[in-house]
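A short worksheet on the structure shown next.
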Amino acid sequence: MGRKLIVTRLSFYITQDKLQKLFAPFGQLASVNLVFDPRTKRPKGYGFVSYNTEIEAEKALKAMNGRIVDGRLLLVEPAGDK
DNA sequence: GCTGAGCGG
């Protein structure tokens, strides 16, 4: 399904909560997940966000892609669904 | 303390 987004180039100091708040206004969030690296015990700097509709996902993509967040330029693109 | 492309678990 095409309602999942991958958010890359995030700051290493961002949290899943921040990510959620950033994408919340664009639609009903199904899930937000920052990818955590168990080896380094640090976020990998990217995450996934799912909406209940592709419309919202697309809206969020266009709104958040290229946005400066926490000093970093976010990169948002459609992700595969597992 | 400060790394940088990416499709996790």
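In the text below, chain A, chain B and the rest are named by the order of the sequence lines, each starting its count at 1.
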Among A:L75, A:V7, A:I6, A:L19, side chain to side chain contact (heavy atoms under 4.5 Å, CB included) partner for A:Y46: A:I6

task: Check which hydrophobic residues are tied to A:F12 through side-chain heavy-atom contacts below 4.5 Å, counting indirect links as well, and list them.
output: A:Y13

field: Taking every non-hydrogen atom, the tightest pair across A:L5 and A:P78
entry: CD1-CA, 4.3 Å

statement: Output for pair (A:L34 CG, A:L10 CG), nearest 0.5 Å, gives 6.0 Å

- request: For DNA chain B, find the residues of residues 29-37 of chain A with a heavy-atom distance under 4.0 Å and give them by number; none if there aren't any.
  value: A:N33, A:V35, A:F36

message: Connecting only ILVMFWY residues whose side-chain heavy atoms lie within less than 4.5 Å of each other, what is the rest of A:F36's hydrophobic cluster?
response: none

- prompt: How do A:I6 and A:S11 order along DNA chain B: which one's closest nucleotide is nearer the 5' end?
  reply: A:S11

query: Along DNA chain B, 5' to 3', what are the outermost nucleotides having an atom less than 4.0 Å from a heavy atom of chain A?
result: B:dC2 to B:dG9

Separation of A:I55 CD1 from A:R3 CZ (nearest 0.5 Å): 11.0 Å

statement: Here the pair of heavy atoms bringing A:L22 nearest to A:M64 is O-SD, 3.8 Å

- request: By nearest nucleotide on DNA chain B, pick out whichever of A:F12 and A:T8 is the more 5' one.
  value: A:F12

- prompt: Going by the side chain to side chain donor-acceptor pair (under 3.5 Å) test, which pairs reach into residues 55-73 of chain A, not counting sequence neighbours?
  reply: A:S11-A:D70, A:T53-A:E56

query: Rounded to the nearest 0.5 Å, how far apart are OG of A:S50 and CD of A:Q28?
result: 12.5 Å

- prompt: Which parts of residues 65-78 of chain A get close to DNA chain B, meaning a heavy atom less than 4.0 angstrom away?
  reply: A:R72, A:P78

query: Minimum heavy-atom separation for A:F26 to A:Y51, with atom names?
result: CB-OH, 3.9 Å

